[in-house]
Structure formats: C-alpha cells, structure tokens
Amino acid sequence: MSEERVIYEPKAIEAKWQQVWADERTWEVANPGQPGSDDSKPKSYVLEMLPYPSGEPHVGHLKCYAVGDVIAHFRRRHGFEVIHPMGYDSFGLPAENNAIKTGEPPQVATERSIASFQRQFREWGISIDWSRELATHTPEYYRWTQWIFLQLLEKGLAYRTEAAVQWCPKDATVLANEQVVDGRCERCGTEVVQRKLEQWFFRTTAYADRLLADFDLLESWPEHVITMQRNWIGRSEGAEVVFRCDEVDLDFPVFTTRPDTLFGATFFVLAPEHPELMRLVEGTPAEEEVGEYVNRVGRESAEERGAEDREKTGVPLGRSVVNPVNGAQIPMFVSDYVLMEYGTGALMAVPGHDSRDYEFAQKFGLPVVRVIEGEDPEVARDDEGMPYPGDGPMVNSGRFDGKGNREAYAEIVEWLASEGRGETAVNFRLRDWLVSRQRYWGAPIPVVYCDACGEDGAAAIVPVPDEQLPVELPEVEDYAPQGKSPLAAAEDWVATECPRCGGPARRETDTMDTFVDSSWYFIRYLDPRNGEAAWDRAAAEHWLPVDQYIGGVEHAILHLMYARFFTKALADLGHIPVQEPFANLFAQGMITRDGAKMSKSKGNTVNPGEYVERYGADTARTYVCFMGPPERGGDWTDEGVEGVNRFLARLWRLCAEVEEKTAAGEVPGGELAGPARELRAKAHWAIDKATRDFQRGFQFNTVISAVMELVNDSYRLKDELLAGSAEDGVVLRFATATAASLIFPFAPHLGAEIWERLQGGRVWEQPWPEADPELLVGDTVTLIVQVNGKLRDRIEADPEASKEELLALARGSEKVANHLDGKEVVKEIVVPGKLVNLVVK
C-alpha cells in the first residue's frame with residue numbers, strides 16, 4: 001500500500017466513534033448502590049466550570065473541555081471511576097438584553113444556544129456523562145436554588161437591607177455594573193446616578209475567617225489564585241476608634257491598622273456610599289454639591305477610585321468630628337478615595353504619614369502634623385520629609401512622646417478602650433454578597449410580603465413553603481424594567497396568598513444573582529433527576545469534593561469564593577460532608593490570536609466549529625493542548641493547527657501500513673537487536689515521558705511531543721523492520737499502537753480507531769501503559785558539547801562514563817578541536833550524561 005494513497009478522513013472516523021459512545025453510553029457512571037456501579041474502584045470527580053450558553057461555543061470552551069477530558073481519560077485508565085458531567089449556567093444578562101432588543105423570550109434564545117453547545121460538544125468527542133446534564137434556568141434546577149436560599153434565610157445567612165445601586169434615570173431601571181460604560185447607561189447613554197433600594201444579601205462575612213483558614217484543606221490550587229482570594233478577603237488586625245460629631249449626635253467608628261498615628265489625624269473623610277453621608281448635609285449649603293459629587297463618582301469602579309496616581313477630589317461637608325485622643329475638632333469631607341469596601345467607609349486622615357492623605361491635604365490646604373520621627377526620601381514630598389510611613393519615636397503625641405510607635409501601639413488602644421472610645425478589632429475587605437437583581441432572567445427569590453403579618457406598618461417577610469417550590473418565572477411581555485423589576489409588571493403573579501395567614505400578599509420581584517446558580521451546581525450533578533431532594537446524601541458522601549476543577553483564572557475570585565461559601569454553609573446545615581468544594585484547581589491560560597486577546601471588534605476571534613469542520617475534532621483538541629503549557633495559554637495560529645493535523649495524518653498512514661504488513665503478536669520481552677531493540681526502547685521511553693509529564697502538572701504539550709518523537713522514530717526504522725522478521729513487525733505494531741494509546745486522551749477518535757485496528761478492543765478499557773524500567777536505560781546517551789556556551793557537536797557516550805572520559809570524548813571531537821585551536825581552556829563544565837561546556841579565552 002502506498003503511504004500517499006492513504007488519506008486521513010477524520011469526519012468518518014469521528015462519526016463512527018461518537019456513535020459508539022452514544023449507543024453504548026460509554027461515559028455514564030452510576031451512583032453507589034445503583035445498577036452498573038463499580039464500588040471497587042476509587043472515585044474521581046473531574047469537572048470543568050460550566051459554560052454560559054450564549055451563541056456558539058468559543059475557543060475557550062474547546063480548550064477548557066479538552067483539558068478536562070484529557071484528565072478524565074487519564075484517570076479512567078488508572079483505575080478510577082470517573083464522573084465527568086456537563087451543564088449550562090443559563091440565566092444571565094446577555095439573553096435578557098437580547099430579549100429587550102428583539103422581544104424574543106430569553107428562554108428561546110438560551111435553549112437554542114444550549115442545543116448548539118450539545119451538538120458541538122458531542123462533535124468534539126468530549127467524554128461527558130450526558131445522563132447528568134442540567135441547565136440552571138429550568139424550574140427543576142432553580143427549585144433547589146430557591147430551597148437553598150430558604151435554608152440560608154432560616155439560619156440568618158440571608159437578609160434584606162438598604163443598599164446603593166446604579167440607576168438610569170431615562171430608562172428608570174437598575175443597571176448591573178457591566179451595563180455602565182464610562183459612567184453612562186450602555187443602552188441610552190444617559191449619565192448613571194446612585195439610588196438606594198432594599199436588597200437581599202448573603203452573609204459571606206460570617207465565613208471570612210474560615211474562608212482564609214481552610215486553604216489548608218486544599219490539595220493543590222495555584223498559589224496566585226489563593227493569593228487573589230486572600231487579598232479579596234483582606235483580613236487586617238488593628239483598632240476600631242470612635243470619632244463623634246456632636247452637631248448631629250452621631251458616632252463614626254473608624255477601623256485603622258495605625259492607631260499610633262491617631263494624634264496626627266487632622267481631617268476626617270467619608271466614602272460617597274456612607275449611609276450617614278446625606279443625613280450629615282441635609283438642609284445645609286453643602287447638600288446639593290455633595291449629592292452631585294456622589295452621583296458622579298458612583299459611576300466609577302472601586303479600582304478606578306483606588307488608583308494611586310488618581311488626582312484627589314472631594315467636597316467639604318461643613319461638619320466636624322472630635323479626634324478622641326486629643327479632643328481636636330477636625331473637618332469632615334467626602335472623597336472617592338475612601339471606599340465602603342474597606343473598613344467602615346470612614347477614614348481618619350493622617351497626612352503626615354500617608355501619601356494619599358498628604359495629597360488630599362495639599363489640595364485642600366489642610367494641616368500636616370508629624371507624630372513619628374523619621375524620613376523616607378523615596379516617599380517624602382516636602383522639605384520636612386513628609387509624609388513618612390515608617391517607624392520611629394513618637395512626637396506631638398502627648399503621654400506617648402518618645403516611645404517607639406510600635407511599642408506604643410497596644411498602649412494607645414488599651415487607653416482608648418478604658419475611655420470607651422476604641423477597642424482592638426479585626427477587619428475584612430470582604431463584604432456580604434448582594435444577590436438581588438432587578439432583572440427578569442434569573443431565579444425568583446422565594447419570599448412574599450404580607451402586611452397583615454407585619455408589625456409597625458412594615459410588611460412581614462414570609463418564606464414560601466418548600467412544598468410550594470419552585471416559584472416559577474411568569475411570562476411577561478416587556479423585559480425592560482421601568483423603575484422596577486420586570487417581574488413587577490406581572491401583576492397576577494405578584495399578587496398571591498400569604499402562606500402563613502392566608503391573606504393577600506406580594507411576591508418578591510427581584511431575582512437572584514446568577515452566581516448563586518453556579519455556586520452549587522456541582523452538587524446537583526450528583527443526583528440531577530431527584531425530584532424529592534436537591535441531592536441524595538449518599539451520593540454527596542461518595543463523590544464530593546470535586547477532585548479536579550478546571551476553568552479560567554478570571555473566575556479566581558467571585559465564583560470560587562461563592563462556591564466555597566455555599567459549601568461551608570451547606571456543610572454547617574448538615575446537608576453535605578465536606579468543607580471545601582474543589583480539592584484541586586487547574587486555572588487554564590487564555591488563548592490569544594496575533595498576540596492579542598480575542599474580540600469581535602478586533603476581528604481576531606476563532607470559531608472552533610470552522611476548524612473542526614475543516615480538520616476534525618481530534619486536530620482541534622490536540623492543538624489546544626499542544627500550543628503551550630495549558631496554564632499559560634498560547635497564541636493561535638493556522639500554521640500550528642495544520643502542523644498538528646499533519647502529525648495525526650502521519651500516524652494514520654503509519655497505522656494503515658502497519659496493519660497491512662505486520663501481524664499481531666506478543667511483544668518480545670527478551671534481548672532484541674538493531675532497530676527492533678531501539679524502537680521498543682523508544683516506545684517505553686514515550687510511555688515513561690508521557691506518564692511523568694501528565695503527573696507533573698498536566699504538561700500536555702510535552703506529552704504530545706513525546707508521541708510525535710515515537711511516531712518519527714517509527715517512520716525512521718519502519719522499512720528496516722518491515723524487511724526483517726515477524727518479530728520485528730510485532731515491535732513496529734506495538735510502537736504504533738502505543739502511540740495511539742498515548743494520544744487517545746487528546747485525539748480520542750483516532751486513538752480508538754488505530755488501537756482497534758492493530759490490537760483489537762477498546763483502548764479506553766485498557767490500563768494506562770507502564771514503562772519497563774530496564775528498557776529505559778539506553779546503551780548510549782547523546783552528549784551535547786559546547787564551546788563558550790555554543791553548540792559545537794553531539795557525541796554518543798556511555799551513560800556511565802566518568803567526567804574525565806566525557807572530557808576526553810569532547811576534546812577528541814574534530815568539530816570541537818577546531819574551536820579550541822590556539823586557545824586556553826579556562827573552565828570545564830560537565831553535566832554527566834548530558835553536556836560538556838568548555839570555556840576558552
């Protein structure tokens with residue numbers, strides 16, 4: 001058979017095996033105790049972050065699920081019972097915005113997109129247990145999201161209070177942060193203002209300490225992800241000190257990590273979102289200017305406001321507070337550099353020892369007082385060496401003068417505590433999770449408001465009983481909110497009966513943040529068809545936690561934090577047996593194109609469907625795993641895709657020739673000679689290399705490189721082996737089948753087809769191959785010889801050769817000798833079995 005006449009046709013091969021997997025339901029796994037379960041195997045729960053179904057799957061989905069599928073296959077063949085489910089995070093803004101523009105119901109667009117995801121994921125050959133498929137927008141799912149909400153409400157972990165929102169005056173609607181562009185509504189361009197509304201929160205702060213401490217329970221998470229979460233939680237030890245405004249009879253607690261600088265506080269600043277701000281200026285000349293300022297800065301993100309190089313702005317409030325350590329009246333301001341996300345939203349400003357306070361003081365002509373001696377030239381802005389952030393003896397600090405500031409730290413707090421004006425405190429940057437959304441396309445919040453059950457003129461919050469769940473989304477005609485949630489327009493749905501007293505009541509018209517849906521889906525996968533409970537306890541005890549979680553680093557904070565919070569809360573409520581949801585986390589890198597992040601505006605997006613159609617799914621899958629270490633990402637090139645396709649085609653042609661010209665048989669275990677010996681050793685080298693690279697952090701690109709090397713050597717030695725004995729042909733068949741076995745996790749269709757042709761049976765039912773250690777030691781090693789760090793020769797050497805023998809071999813090379821002639825060797829560097837470097841001058 002001519003190699004050129006054998007054409008690699010991935011469509012036919014891939015369709016065949018996809019049909020086999022569908023017909024045989026190959027990847028379905030039963031729960032313990034159910035028919036078909038194999039309780040003798042250890043479990044492994046492999047999971048990718050579920051996708052948001054909008055339009056078509058993109059290349060990020062291809063990479064995420066290709067990586068996850070490789071891991072799932074590797075673990076199955078190491079004897080694990082692997083659960084590998086799939087679902088859709090299907091509530092969210094894109095479908096709702098499309099509904100507002102087109103009138104098409106969000107459910108229609110969402111389910112059309114889900115159908116596309118289902119089709120393409122099957123075409124990619126991802127080994128998913130489709131019997132566990134779910135979508136978060138279905139009543140069968142969000143019934144249990146609502147049940148969890150009520151569980152948290154009962155335990156005081158869900159509550160309702162007033163909070164600021166972004167508001168578009170023209171559309172009369174609340175906007176999500178993503179809908180505010182440069183301070184304006186993305187739909188109509190109107191300047192956004194802030195309003196306060198009653199909103200629902202989850203009490204994530206109750207778990208702040210445990211969210212920090214329980215990183216120790218994790219097996220393997222990227223250190224940078226843990227650091228990002230630690231910073232987001234932001235635990236600080238310090239003191240809470242009370243500043244009093246006598247004019248309005250208000251106390252303002254301030255959290256500070258530097259009570260040693262209290263004597264240097266010369267003004268006081270509130271965040272624009274501070275709940276008492278407008279009360280302070282109500283009816284005063286400052287009211288209008290403060291209101292305008294609050295609306296203006298409220299359109300900007302915390303990151304923009306907190307930037308170090310940002311010009312300081314603010315408005316004086318015409319009020320003052322008393323500095324509790326010296327009784328001084330210091331003026332009050334509002335400024336955007338103070339954030340509600342940290343501390344109490346109030347700041348004692350110490351311009352002598354803080355650069356941002358110093359900049360503000362310079363702009364507004366406020367006094368700068370030194371209370372710690374010292375100078376830092378890199379920070380100082382004036383001839384007095386101010387501001388100074390470091391340590392030293394205290395000055396201008398009353399009874400504490402002369403003491404080291406760190407020494408006086410505890411004494412100051414103790415003194416304030418004795419006076420009832422302060423105490424030691426721990427502060428967290430983490431804030432409670434605002435889960436209310438004034439949107440349509442989300443899970444309804446399962447409470448009603450009953451005036452008859454209320455007190456003091458306030459309606460009572462009455463939970464919807466479990467037996468009345470789910471509270472289903474009603475159909476509405478207009479998805480655009482007009483001053484209230486779109487659900488409020490469904491008046492027949494809003495008006496309901498109070499489950500407590502039977503009288504008239506009103507449903508909550510807010511829906512839940514979609515992060516709520518994705519904070520527990522990994523538990524529902526364990527029992528997705530259960531109509532009596534959110535999950536079966538026995539299934540949770542068997543499968544949890546997720547052993548390997550895979551997803552983008554962009555979810556390192558919010559999604560992972562919220563899932564961890566849910567897991568801890570549900571464990572405390574007795575519903576699940578684990579404190580952490582994901583034992584191991586793999587954060588994949590981003591795929592770019594032309595060196596830039598992909599975007600439609602740049603015209604550099606990659607549609608994986610087009611590449612699958614042209615080259616086949618195996619090529620696309622293998623390429624995204626080959627383009628670089630998966631945690632770093634890589635730059636997509638068509639040349640790279642074509643290169644991988646050529647490699648798979650070569651492997652296919654090799655299989656065809658080997659199938660025709662060799663016979664199956666037992667691989668010889670004894671001594672071999674010549675090319676058979678070399679190729680058998682190479683196959684075992686590839687097994688060893690692939691296995692070790694899998695195990696050392698999923699270095700998939702080098703695994704694929706090892707298979708490429710094996711295929712190249714098979715081609716190089718093929719003609720000699722085919723011309724030799726039957727035993728030689730068996731070795732060639734073994735090497736080719738080994739290449740198929742190792743490439744199967746990346747290119748499952750081709751790997752399965754080649755294995756079946758050469759060895760018979762199902763490759764995924766075979767244990768992962770094991771390398772024979774005795775065959776890994778070659779007769780010789782290739783010694784790299786350098787002169788002044790530049791490659792001059794490669795020499796075959798005995799792997800046991802001494803340093804002196806290796807140096808003699810290197811110096812004996814004619815190529816090396818040409819570069820040594822007339823020069824002095826000043827240093828000899830030898831890495832046994834690998835390299836000799838001669839440094840000359």
Side-chain angles (χ1 to χ4, degrees), residues 222-224 589-592 594-596 623 625-637 639-640 642-644 646-647 678-679 681-717 742 771 773 775-841:
E223 195 56 43
H224 69 282
M590 180 184 296
I591 295 178
T592 57
D594 303 324
Y623 176 63
C625 293
F626 181 63
M627 61 196 307
E631 72 275 11
R632 294 187 203 163
D635 198 57
W636 182 285
T637 67
E639 294 79 9
E642 290 164 0
V644 168
R646 286 195 299 272
F647 157 63
E678 182 181 350
L679 189 57
K682 188 67 176 186
H684 282 270
W685 170 87
I687 293 168
D688 178 66
K689 170 75 171 164
T691 305
R692 285 187 290 107
D693 287 355
F694 263 119
Q695 293 169 340
R696 66 176 183 89
F698 311 130
Q699 299 303 302
F700 300 149
N701 55 322
T702 58
V703 173
I704 296 166
S705 291
V707 182
M708 289 177 170
E709 280 196 45
L710 175 58
V711 172
N712 288 340
D713 279 15
S714 297
Y715 267 96
R716 180 171 58 83
L717 301 170
L742 298 178
L775 297 177
L776 298 178
V777 180
D779 292 335
T780 62
V781 293
T782 300
L783 186 71
I784 300 296
V785 184
Q786 299 175 334
V787 177
N788 287 347
K790 293 184 178 179
L791 175 67
R792 297 306 180 191
D793 202 0
R794 289 185 174 90
I795 302 172
E796 294 303 305
D798 186 326
E800 303 299 324
S802 67
K803 175 180 177 181
E804 290 72 22
E805 290 171 326
L806 294 176
L807 283 168
L809 279 171
R811 287 175 176 273
S813 162
E814 183 177 343
K815 294 179 182 178
V816 173
N818 291 336
H819 293 278
L820 299 180
D821 189 26
K823 296 176 182 176
E824 179 187 357
V825 177
V826 296
K827 190 174 184 180
E828 298 171 333
I829 302 169
V830 179
V831 180
K834 293 184 179 179
L835 175 143
V836 171
N837 182 21
L838 302 175
V839 181
V840 301
K841 68 175 183 179

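Hydrogens, waters and symmetry mates are skipped; everything else that's a heavy atom, side chains included, is used. FYI, the numbering just counts along the sequence from 1. What you see is a predicted model; the values in this text were computed from it and never measured.
Note that NE2 of His684 and CG of Leu679 are 10.0 Å apart. Values are rounded to the nearest 0.5 Å. Rounded to the nearest 0.5 angstrom, Lys682 NZ and Leu710 CG are separated by 7.5 Å. Interatomic distance, Leu776 CG to Lys689 NZ, rounded to the nearest 0.5 Å: 12.5 Å. Remark: Lys815 NZ to Ile795 CD1 distance equals 9.5 Å, nearest 0.5 Å. Remark: Gln786 CD to Leu838 CG distance equals 9.5 Å, nearest 0.5 Å.
Checked against side chain to side chain contact (heavy atoms under 4.5 Å, CB included), Asn788 has the following partners two or more places apart in sequence or in another chain: Val839, Val840. With sequence neighbours excluded, the residues forming a side chain to side chain contact (heavy atoms under 4.5 Å, CB included) with Ser705 are Phe626, listed by chain and number. With sequence neighbours excluded, the residues satisfying side chain to side chain contact (heavy atoms under 4.5 Å, CB included) with Glu223 are Ile226, Thr227. Remark: Glu631 engages no residue in a salt bridge (charged side-chain N to carboxylate O under 4.0 Å, His left out) (not counting sequence neighbours). Shown here are the ring pair (Phe, Tyr, Trp, His ring centres under 6.0 Å) partners of Trp636, two or more places apart in sequence or in another chain: Tyr611, Tyr623. For Arg692, the side-chain hydrogen bond (donor to acceptor under 3.5 Å, both in side chains) criterion is met by Asp688, not counting sequence neighbours. Under the side-chain hydrogen bond (donor to acceptor under 3.5 Å, both in side chains) criterion, Thr592 pairs with Asp635, sequence neighbours left out. Judged as a side chain to side chain contact (heavy atoms under 4.5 Å, CB included), and not counting sequence neighbours, the contacts of Arg646 are Glu642.
The shortest non-hydrogen separation linking Ala771 to Ile687 is N-CG2, 3.5 Å. Pro832 approaches Leu806 most closely through the heavy-atom pair CA-CD1, 4.0 Å. Here the closest heavy-atom approach between residue Ala686 and residue Ala706 is recorded as CB-O, 4.1 Å.
Residues Ile784 and Val836 fail the side-chain proximity criterion, which asks for heavy atoms closer than 4.5 Å.
Arg716 has no carboxylate O lying under 4.0 Å from a charged side-chain N of Glu709, or vice versa, which leaves the two without a salt bridge.
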With a 3.5 Å cut-off and sequence neighbours excluded, list the donor-acceptor pairs that the side chains of residues 695-704 form with protein atoms.
unit_1, atom_1, unit_2, atom_2, d
Arg696, NE, Asp693, OD1, 2.8
Arg696, NH2, Asp693, OD1, 3.4
Gln699, NE2, Gly697, O, 3.1
Thr702, OG1, Asp693, OD2, 2.7
Thr702, OG1, Gln699, O, 2.8

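Residues in residues 818-840 take part in these side-chain hydrogen bond (donor to acceptor under 3.5 Å, both in side chains) pairs, two or more places apart or across chains: Arg811-Glu828.
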